[in-house]
Amino acid sequence: DTPACRENLRNIGDIFRDLLNAFEQYNPAVAQPFLEELRCSLSPRQTDPIRQATDRFDFDKARAAAESLAADLGIQL
């Protein structure tokens with residue numbers, strides 16, 4: 001549990017929406033803070049596919065993985 005996680009009071013749906021918007025900038029550094037926020041609430045198993053695609057600059061795959069995970073969690077985007 002990091003300080004960033006303890007301070008994370010944002011709704012997970014908002015984090016997903018911010019992450020999807022960050023993908024539009026095609027820069028992993030822009031998406032990274034939102035991925036870290038998600039990892040406060042979700043397991044690495046859930047978030048690793050998004051992170052791996054982002055690290056490879058495959059933002060379409062990262063977006064699809066994030067949308068799929070959100071749907072699995074019942075989060076409407």
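- Nearest heavy atoms, Ala22 versus Ala31: CB-CA, 3.8 Å.
- Both Leu19 and Ile12 belong to a single network of hydrophobic side chains, linked directly or stepwise wherever heavy atoms of I, L, V, M, F, W or Y lie under 4.5 Å apart.
- Here the closest non-hydrogen pair linking Leu20 and Arg63 is O-NH2, 2.9 Å.
- Aromatic ring pairs are classed by plane angle as parallel below 30°, tilted from 30° to 60° and perpendicular above 60°; the pair Phe59 and Phe23 is tilted.
- Atom-to-atom distance recorded for Phe16:CZ and Asn21:CG is 13.5 Å, nearest 0.5 angstrom.
- Taking CZ from Arg51 and CD from Gln46, the interatomic distance works out to 14.0 Å, rounded to the nearest 0.5 Å.
- Within the 3.5 Å criterion, the main-chain N or O of Ile50 finds a donor-acceptor partner in the side chain of Thr54.
- Atom CZ of Phe57 sits about 6.5 Å away from atom CG of Asn27, to the nearest 0.5 Å.
- A donor-acceptor pair is defined here as one N or O able to donate and one able to accept, closer than 3.5 Å; no such pair exists between the side chain of Gln52 and the backbone of Pro49.
- When all heavy atoms of Val30 and Pro33 are compared, the closest pair comes out as O-CD, 3.3 Å.
- The two atoms that bring Leu77 and Ala70 nearest to each other are CD1-CB, 3.7 Å, heavy atoms only.
- Ion pairing of Asp14 with Arg17 is present here, as a side-chain N (NZ or NE/NH1/NH2) and a carboxylate O approach within less than 4.0 Å.
- By the 4.5 Å heavy-atom criterion applied to side chains, Lys61 and Arg56 are counted as neighbours.
- Of the residues Ile15, Leu35, Thr47, the one that meets the side chain to side chain contact (heavy atoms under 4.5 Å, CB included) test with Leu42 is Thr47.
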